[in-house]
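Quick one: the structure is below, and I'll ask about it shortly.
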Amino acid sequence: MSIPEKKLEGTRLFPLKQKKNPIAAFENVKKNYDDVQVLKGVDLNISPGEKLALIGPSGSGKTTMIRMLMTLEKPSSGHIKVEGKYLWHKEVSGGLIPANEKHLREMRQNIGMVFQHFNLFPHMTILRNVTEAPIHVLGLSKEEAHQRAVDMLQKVGLGDKLDAYPAQLSGGQKQRVAIARAVVMQPRIMLFDEVTSALDPELVDEVLQVIKDLAKETDMAMILVTHEMDFARDVADRVVFLHDGQIEEEGKPKDIFENPKSPRLKSFLRRFLKS
Amino acid sequence: MSWDWNFAIEVFPEILGAIWLVIAITFGSFIVALILGLVLTFARRSSFKPLSLLVYAFIEFVRSTPPLVQLFFVYFALPAIGISINKYTAGIVTLGIHYSTYVSEVYRSGIEAIPKGQWEAAKAMNFSKTQTWFRIILPQAIPPVIPMLGNYLIVLFKETPILMAIGVGEFLQKAQLIGSTHFKYLEPITIVGLLFLLLSYPSALLINRLEQKSNQAFTGKKNRRLTNQFHLKSGA
């Protein structure tokens with residue numbers, strides 16, 4: 001017998017994911033670009049398997065946060081930890097030294113990212129876009145990488161596009177390839193950076209659906225930077241509202257969207273509900 | 001004095017005989033330039049500042065001194081410090097180094113045209129630095145600059161007569177020898193000019209075609225081929 005979904009809302013049968021050791025943690029992380037401070041000291045823990053939505057106005061620092069987790073940008077101060085290990089530093093006999101490329105590559109193994117502008121490799125077929133890293137980074141055999149890639153591409157509905165080039169695909173299709181490309185690496189954390197913002201409106205849903213399906217069946221943690229509030233509410237276990245470089249409010253989707261406390265969150269949501 | 005057809009026909013094969021040497025020197029130098037150019041490009045981008053500055057200085061120095069002076073330096077001056085190489089190697093090395101500085105600029109323009117997102121995607125997929133260069137960046141950066149590289153190949157080809165100065169028997173030296181033996185320069189020198197024209201012009205046309213092709217890179221080679229076949233069939 002299945003319990004009607006309504007009843008599950010608000011109660012948790014399996015409390016509480018947050019109590020496990022966090023898979024990623026931000027500790028008083030700050031980021032400056034020249035004299036502009038984009039992040040003003042952020043603390044945030046992400047639990048294994050947690051689906052976290054990062055929302056907030058443009059320029060609030062959401063994208064910067066996940067870009068730092070992907071090692072595309074370096075925090076100005078504070079620490080980021082992944083699986084308990086410092087991301088940007090290496091622990092040496094009690095002290096910390098700046099991470100070298102080897103350390104960063106080890107840490108990156110845990111993390112995958114999907115970009116706003118897809119960033120597919122235009123000189124490779126769709127299939128090679130997805131097999132290239134499993135073969136040359138993970139060291140899988142060609143057959144195994146091929147198998148994994150084809151399975152994944154079928155799952156995102158592109159099993160018939162293996163030999164096409166990115167330029168031949170629509171934006172929605174490109175983004176689905178980009179998701180497949182990141183997921184075949186089997187990271188423990190997946191980052192989604194406004195993955196529908198560059199898409200034509202009619203292509204948004206096919207991409208969101210793929211992510212929803214993925215969120216349901218995977219035990220990867222996911223951090224979703226998004227402006228799609230309905231999507232955030234559907235997918236996320238927890239929503240974090242970032243404002244002006246700080247976490248202004250966080251909580252379960254229901255609480256955040258139905259019962260916002262901070263006036264800034266209220267006015268932010270009002271703007272979205274209007275449209 | 002007027003044009004002597006018999007003399008021209010008589011000396012033509014002798015001058016033409018240098019063609020393989022000229023081609024070998026041209027391609028030999030160009031390969032040196034392509035490889036060394038890539039090394040210079042990497043070194044120029046090194047995060048180790050002294051290396052990057054040294055390479056910058058080297059490139060500027062080589063580009064602003066005449067190749068003929070460099071040739072004399074390599075062939076006549078280097079032996080004074082114990083480095084002695086034969087004239088063919090000297091020619092290939094000098095032209096190769098000289099053009100590597102231009103080739104390096106061409107690579108640089110190709111690399112800078114690659115969007116930042118490609119580097120970021122490569123990082124997110126956890127490729128190593130070397131893999132990123134050779135699997136992601138260069139395969140995208142080089143095809144669009146192949147026509148520019150081709151132009152330098154032709155310029156390099158036209159530069160080979162300077163090797164006459166160290167006694168390499170290319171077209172011009174052959175013609176000069178013939179001229180001084182028979183006291184007739186009009187025919188042999190004209191033949192040299194014609195040979196350069198005959199070899200350069202078709203190459204330039206070929207490069208033009210390459211240029212058109214490279215403009216449509218990565219837009220679905222397969223489909224285009226299919227479309228062409230379709231047109232051929234339906235046209236028949």
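Every value quoted in this text rests on a predicted model; they were computed, and no experiment measured them. Convention: sequence-line order gives letters A, B, ...; per-chain numbering from 1.
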**Donor-acceptor under 3.5 Å (A:T218 side chain, A:L214 main chain)** = no
**Item:** Choice from A:M185, A:E132, A:E101 maximising heavy atom contacts with chain B below 4.5 Å
**Value:** A:E132
**Prompt:** Between A:T71 and A:R108, is any side-chain donor less than 3.5 angstrom from a side-chain acceptor?
**Reply:** yes
**Top of A:R105, A:H117, A:M113, A:Q116 for chain B proximity - count of heavy-atom pairs under 4.5 angstrom** = A:R105
**Prompt:** Taking atom NE2 of A:H146 as the centre, does the number of heavy atoms from other residues, nucleotides or ligands within less than 6.0 Å exceed 12?
**Reply:** no
**Asked** Is it the case that A:D163 and A:T125 place a side-chain donor and acceptor less than 3.5 Å from each other?
**Response** no
**Asked** For A:R181, is it the side chain, the backbone, both, or neither that has a heavy atom closer than 4.5 Å to a heavy atom of chain B?
**Response** both
**Contact class of B:Q131 relative to chain A, heavy atoms under 4.5 angstrom** = side chain
**Top contributor to chain B interface from A:L120, A:V114, A:L191 [non-hydrogen pairs under 4.5 Å]** = A:L120
**Asked** Any donor and acceptor pair, going by atom type alone, linking the side chain of A:Q175 with main-chain N or O of A:F115 inside 3.5 Å?
**Response** yes
